[in-house]
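Chain letters run A, B, ... following the sequence lines, proteins first and then strands; every chain starts at 1.
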Amino acid sequence: MVDLEKLRTVAKETISRDDVKYLIGWRQGTYGFRVTPCFIEEPGEAEQLIFSPLCTNNLASYLIVTEKLPLPRGEKPDTRKVAVMVKGCDSRAVVQQLIEQGIKREELYIIGCPCEGVLDLKKVEAKFPHILDPVAAQWGKDKIIFQLPEGVVEVPREEVLAQKCLDCRDPNPVIADITLGEEIEAWGNGEYQDVKELEAKSAEERWAFWEDKFSSCIRCYSCRNVCPMCYCKDCILDRLNPSWIYRSTNISENTAFHLSRAFHLAGRCIECGECERVCPVDIPLMKLNQKFSKEVEEKYGYRPGIDPEAKPLQSSYRPDDKEDFIL
Amino acid sequence: MNNKPKIGVYVCHCGINISHTVDVEAVAEFASQLPNVRVAREYSYMCSDPGQALIREDIKNEGLNRVVVASCSPRMHELTFRKTLAEAGLNPYYLEMANIREHCSWVHGDREKATAKAKRLVAAAAVKARLLEPLQEKEVDVEPASLIIGAGIAGIQAALDIAEAGFKVYLVEKTPSVGGRMSQLDKTFPTLDCSACILTPKMVDVASHPNIELLTYSQVEDVSGYVGNFDVKVRKKARYVDMDKCTGCGVCAQECRLTGRIPSEFDEGMGKRAAIYLPFPQAVPAKYTIDPERCLMLTRGKCGKSPKCVDACGTGAINFEQEDEIVEFKVGSIIVATGFDVFDASRKPEYGYNDYENVITGLELERLVSASGPTGGDILIGKGDDAYVPKDIAFIKCVGSRDKSVGNEYCSRVCCMYTAKLAHLLTEKIPDANVRVYYMDVRAFGKGFEEFYDRVRREGVRYIRGNPSEVFKRGDKLVVKAENTLTSTPVEDEVDLVVLAVGLEPRRDAREIIDILRLSQSGDRFYMEAHPKLAPVDTATDGVFLAGCAQGPKDIPDTVAQAKGAASSALVLLSSGKVKVQAQVSHINEDTCRGCGYCVEICPYSAIELVTVNQFGHEALVARVNDALCKGCGACVAGCFSGSAQQKSFMDGQILPQIAALGVMR
Amino acid sequence: MSEQQFEPSVIAFLCNWCSYAGADLAGTSRIQYPTNLDIIRVMCSGRVNPLFIVNALQQGADGVLVSGCHPGDCHYMEGNFYARRRFTLMNELLNYVGVDAKRFNMSWVSASEGAKWKDVVEEVVENAKEAGPFEQFRRNKINW
C-alpha cells in the first residue's frame with residue numbers, strides 16, 4: 001500500500017525540481033466519496049495529495065489533452081516535465097501514448113502507485129446513499145475500509161471494486177521513474193469471463209443486448225473525451241465532411257458510433273475502464289473494449305501498453321496471421 | 001471559374017456488348033436526373049473518335065467540368081478518356097468510370113436487373129465525380145538504362161535492340177553462360193536451321209557490345225524504386241576464377257580430379273563435366289567456373305596435395321578466396337526474360353522415365369542428335385559396349401501439357417513441332433528407323449508448320465491417335481500400351497526407345513522474381529501480362545516488361561518477336577526521358593495529423609516520414625508523404641484514425657457518398 | 001417481403017490489381033452471376049477502411065465483401081496483410097454485437113480467378129440472402 005507521508009514527501013521533492021512543471025495527482029473531492037484530479041504547482045499543495053481506492057481517474061488522459069496555447073513570437077514553449085501519478089492500468093496508457101508518440105518520455109516524470117483495485121462509485125453509493133461529507137477509504141486485506149461520518153465500516157472488496165479491477169492483471173505500474181510502496185501480486189487471470197458469457201449467446205441475443213444498451217446512448221461523447229487513447233485533434237466521428245455518422249441519436253447512428261469508437265481502440269485499449277465509469281447511461285463499454293483485448297491477445301499474442309518498444313497492432317502484421325473467416 | 005459541378009454522363013453501347021443486356025437509353029435518361037448532371041448521352045462506341053469528340057464538344061459547349069463514362073472497365077479505357085478530357089482542356093482526373101460491361105452486361109442475362117445495376121453503378125460514379133479534385137501529374141527523369149533478367153534468346157534479342165538504340169543494358173544471367181534453352185537445341189523447326197549457327201553470333205554480340213554490361217552467374221537480389229528509377233541490386237556469384245586472367249583454354253577442366261564425373265546440365269545430365277567447367281564449348285563468356293557444390297577444394301577444403309586446376313592454370317586465374325560481389329545500379333526499365341523449365345517426366349510415373357534408361361525426354365534426344373552432344377550426334381542408347389542404335393522409336397506427346405492431373409491445363413505450343421522435327425532427324429540419322437508418334441491432337445498452327453508436319457509424315461513417320469496409358473518392359477523391349485482412338489483398337493507397341501515430348505513449365509524459382517518485382521501469375525503460373533490482347537508485354541508493374549517463355553510457352557520466332565516488343569516498350573520509356581508518376585497519391589492534412597506514426601509504419605514504400613513542425617510556437621510531429629515514392633495504395637489512409645491521411649481520388653469523402661448512392665438506389 | 005422475393009444488396013470493395021481484374025476476367029469470359037453485388041473500386045484492399053463496412057450496412061447494404069490479392073501477391077507488397085488484420089478484428093466486432101456473421105465476407109481473388117470470383121459472388125449473395133434484410137441497422141434518412 002502507498003504510504004501517504006511518503007507520497008507527499010516524494011511529491012514535494014518532485015515539484016521542487018527545476019525541470020518539473022507541475023504534478024498531476026488526486027485529492028479529496030468536495031463531497032461524499034468523490035476524489036478529484038488536481039494539478040500541483042507549489043510544494044505546499046502536495047499535502048492535498050491522496051492515494052486511495054477512490055482514486056479512479058486515469059490521470060494519463062490529462063497528458064495528451066493539455067491545451068497548447070499559441071505562443072507569442074520568440075517565446076519558447078515550456079518543455080519541462082510533467083509529473084504524473086499512475087496506477088497499473090494508467091501506466092499502460094502512458095506506455096501506449098509513448099508508442100504512439102503522443103508524448104515524449106523525457107517530458108514525463110512518472111510516479112508509480114501499485115494499486116489493489118479502485119471502487120465503483122455506483123456500487124459504493126448504492127451501499128451508502130446520501131453521504132455529503134467527504135469520506136475516505138483505504139485498502140485492507142480483502143476488504144475496503146471506509147471512514148464514514150458514523151464510523152469505520154469494512155466491506156468485502158469484491159462487493160465494491162470496479163468491474164475492471166476484479167480481473168486486474170496489471171496492478172503494478174509497467175513504467176515509472178519512482179514507485180511508491182510494495183509490488184502487488186496480480187490476481188486477474190485474463191480469462192475474459194464477461195466477454196465469453198456474451199459470446200456464448202446467440203447472435204439475436206447479442207444484438208438484442210447491445211441494441212438495448214446502445215439505444216439508451218445520448219451521444220454525450222464522454223466515453224471518447226475521457227479516454228486516454230482518444231486524442232485526435234479533430235475526431236472523425238465529429239466531422240461533418242466527410243460525415244461518417246450522423247448526429248441524431250437513434251439505434252443506427254449510436255451503434256455505428258460505438259462500433260467505430262471500439263474499432264479505433266482495437267489493439268490500443270489499455271482497459272482502464274474510464275469510458276464505462278463516466279457513461280451517464282451505464283453502457284457496459286468495457287464489455288466491448290475487452291472483446292478486442294481478448295481477440296488481439298488470442299490471435300496476435302498482443303497486449304497494448306505493456307512494451308514501449310512494441311509496434312502498434314494495427315500498423316503491423318505477420319505474414320502468417322490467422323485468416324479462418326476468409327472465403 | 002465557377003467550380004459548381006457540371007457533370008456529363010456518357011453511356012456506351014459498346015456495339016451490342018452492353019446494349020444487348022442493359023437498356024442504355026434508360027440508363028442515360030436516369031443519369032440525366034441525377035444531381036449536378038448537365039448532359040447524359042448514349043453512344044454506340046464511346047472510345048471511338050466520334051465518341052470522344054462528343055465528350056470534347058460537350059465540355060466546350062456545355063461547360064462540363066466532370067465526366068462520367070459508363071462503359072467498359074477503367075482498367076481498359078481510363079487512360080483513353082483521361083486523354084479526351086485533357087484534350088478538351090479539362091483536368092484528366094475529373095473523370096470517373098462506371099464499369100457496366102465487364103461487371104454488368106457481360107455477367108448478367110436479366111435485362112431488367114442488369115439495367116437496374118447499371119443505373120446504380122452510374123449513380124455511384126456520378127456522386128463520386130462531383131467530388132473529384134483536379135490532380136497534377138508530376139514528371140520525373142528516366143534513368144537511361146535497362147535491366148534484362150535472363151540471357152536466353154529473348155533476353156539477348158531485347159538487349160541487342162536496346163543497346164543498338166544507344167541505351168545502356170545490364171543483362172543478368174543466372175548460369176555461367178548466355179544462350180539459354182536455345183543453345184541446347186540442335187535444329188529449329190520447321191526450317192531446320194542449325195540452332196547454334198543462328199544463336200552464337202548473337203551471343204558474341206551481346207558480350208562485345210559497348211552498351212551491354214553482361215552479368216553472368218549473377219542473380220537479381222532486390223529491386224526498389226519505381227518506373228524510370230529502379231534501384232537494382234545484383235549478386236555476382238563467385239566463380240573462383242578470375243575473369244580477366246582466364247583464357248578459356250580448358251586445361252584446368254582436363255586436370256580436375258572430378259573430370260567426367262559430374263552430370264552436365266547443358267547435356268541434360270547425359271554428358272559429364274568436371275568441377276571446373278565451361279557449360280558448353282560456345283559458351284559466352286568463354287570463362288571457366290568452379291561448381292561450389294562439387295569442387296573438392298570448396299566442399300572439403302582439400303583436394304589432394306594441392307588443387308590440380310591451380311597447378312594446371314598457366315595464368316594463375318583460379319582463386320578459391322573469391323567472394324560473391326554485390327553490384328548496384330539504376331535503370332529506367334526492366335525486362336523479365338527468365339524462360340521456362342521443362343516438365344519433370346518423373347511426375348508421370350506410368351511412362352517409366354525413372355525406371356528405364358531408354359525412356360528419355362525430347363530435350364534429352366535433342367542433345368543426342370546434336371553434334372555437340374554427349375555422343376557427338378550419334379543416336380546411341382545405353383553406355384559403353386552395351387550401347388545400341390534404336391530402330392523402333394515411339395514419341396508420346398502432351399507429357400505434362402493439357403493434363404489436369406499434373407496441374408497443367410495449357411498447351412505447351414512447341415511439343416508438336418519439336419516432335420515432328422526430332423522424328424525427322426531420327427529418320428535422317430537412322431535410315432531404317434521405324435518412328436511413330438502417339439498424339440492427342442496435332443497442332444501445326446504456325447508459319448510453315450503444317451507443311452513440315454506433312455513432310456514428316458511423307459517421310460514415313462506414323463502418327464497414331466491415342467494417349468498411351470503406360471510404358472512397361474517386356475524382354476529387351478519397351479511396350480507402349482495405348483488405344484488407337486481412330487480405329488478403336490488397343491495397341492501394344494514394342495519399341496527400343498520412348499521419347500516423351502515434355503511440355504514447358506514456369507521456372508521452379510519463378511516466385512523469387514514475383515517477390516522482387518511484384519508481378520502476378522496467370523492461371524498457368526506463368527508471369528501475367530497487363531492485358532492478354534492489348535498489353536501482352538507489359539505487366540501490372542509500370543516499367544517492367546515480359547519477353548519469351550516467362551510469360552507463357554512459345555516458340556523461337558514468337559519469343560524473338562515478343563522480345564523485340566518488350567525492347568520497344570522499354571525504349572519508349574528510355575527515349576522519352578520523362579515519365580509521369582502516380583498522381584493518385586496519399587496526402588496528409590498536417591492540421592489534424594496527430595503524429596502517431598501508424599502510417600509511417602504501414603507504408604510499404606517508406607514514402608511517409610514524421611517531421612517536426614512549428615505549431616504556434618510549439619513543436620509537433622506530423623506525417624508527410626513523399627509524392628515521388630508514394631505508389632498510391634492507400635494503406636496508410638485506412639490506418640489513419642484521424643482521417644488525416646487521404647488518397648487523392650480515393651478519399652473517404654468520395655467513397656462514402658459512393659456507398660450511400662449504392663444504398664439509396666435499393 | 002417473403003424469403004424468396006428478397007433480393008439482398010451487397011456492396012463490395014475490390015482492389016484494382018487482383019480482385020477487380022478477376023471480376024473483369026469473369027466479364028471477359030462471360031461467366032454469369034447474380035446482379036445483387038455492386039463493386040466499388042479501390043487501389044488496394046489495404047485502402048478499405050473497416051468503418052466502410054459499418055457505413056455500408058447503415059446505408060442499405062445487407063452484405064459487404066472486401067476482396068484483395070492473395071496473401072503475398074499484393075501489388076503493393078503488404079496492403080492485404082494490413083487489411084487482413086483490420087478485417088479480422090472488424091469481423092469479430094460485428095459478430096460480437098450480433099450482426100449476422102454472414103453479412104460480412106472477405107475473399108482473396110486473383111486477376112486470373114474469374115471463375116472463383118463468380119463463386120465468391122454467389123456465396124456472398126447467398127449469405128446475404130440468408131441473413132435477410134438488415135432493417136434494424138438502417139440509417140433513417142440517407143442523404144447523398
Inset, instruction - State yes or no: are the ring centers of A:Trp207 and C:Tyr96 separated by less than 6.0 Å? - result: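 Ring centroids of A:Trp207 and C:Tyr96 are no less than 6.0 Å from each other.
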Looking at [options], which one has more heavy-atom pairs under 4.5 Å with chain A than the rest?
{"options": "C:Leu89, C:Val54, C:Leu51, C:Val97", "result": "C:Val97"}
{"options": "C:Ser67, C:Ser107, C:Gly72, C:Ala101", "result": "C:Ser107"}
{"options": "C:Asp100, C:Asn105, C:Asn95", "result": "C:Asn95"}

Inset, instruction - Select, from A:Gly267, A:Ala256, A:Ala262, the one with the greatest count of heavy-atom pairs under 4.5 Å involving chain C. - result: A:Ala256
Inset, instruction - Among the options A:Glu205, A:Lys299, A:Lys213, pick out the one with the most heavy-atom pairs lying under 4.5 Å from chain C. - result: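 Answer, by heavy-atom pair count under 4.5 Å with chain C: A:Lys299.
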Is chain C contacted by the side chain of [X], its backbone, both, or neither, given a heavy-atom distance below 4.5 Å?
{"X": "A:Asn254", "value": "neither"}
{"X": "A:His258", "value": "neither"}
{"X": "A:Ile236", "value": "side chain"}
{"X": "A:Asn250", "value": "side chain"}
{"X": "A:Ser248", "value": "neither"}
{"X": "A:Trp210", "value": "side chain"}
{"X": "A:Gln314", "value": "both"}
{"X": "A:Lys201", "value": "neither"}

Proximal component of [X], with respect to chain A [non-hydrogen, under 4.5 Å]:
{"X": "C:Glu92", "result": "both"}
{"X": "C:Val124", "result": "side chain"}
{"X": "C:Leu57", "result": "neither"}

Inset, instruction - Inspect the contact between C:Asp62 and C:Lys129 and indicate whether a charged nitrogen and a carboxylate oxygen are less than 4.0 angstrom apart. - result: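 C:Asp62 and C:Lys129: not salt-bridged.
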Inset, instruction - Could you tell me whether A:Arg169 and A:Glu297 make a salt bridge, using a distance below 4.0 angstrom between a side-chain N and a carboxylate O? - result: yes
Inset, instruction - Considering non-hydrogen atoms only, spot the tightest contact between C:Cys18 and C:Cys15 and give its length. - result: N-SG, 3.4 Å
Legend entry - Any donor-acceptor pair under 3.5 Å from A:Glu271 side chain to A:Gln290 backbone: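 Judged by distance alone, no pair lies under 3.5 Å.
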Mutual orientation of the aromatic rings belonging to [X] and [Y] [parallel < 30°, tilted 30-60°, perpendicular > 60°]:
{"X": "A:Tyr221", "Y": "A:Phe257", "result": "perpendicular"}
{"X": "A:Trp244", "Y": "C:Phe52", "result": "parallel"}
{"X": "A:Phe263", "Y": "A:Phe292", "result": "perpendicular"}

Legend entry - Residue pair A:Glu295 / A:Val195, side-chain heavy-atom distance below 4.5 Å: no
Inset, instruction - Flag the pair A:Asp170 / A:Cys89 as yes when at least one side-chain heavy-atom distance between them is below 4.5 Å, and no otherwise. - result: no
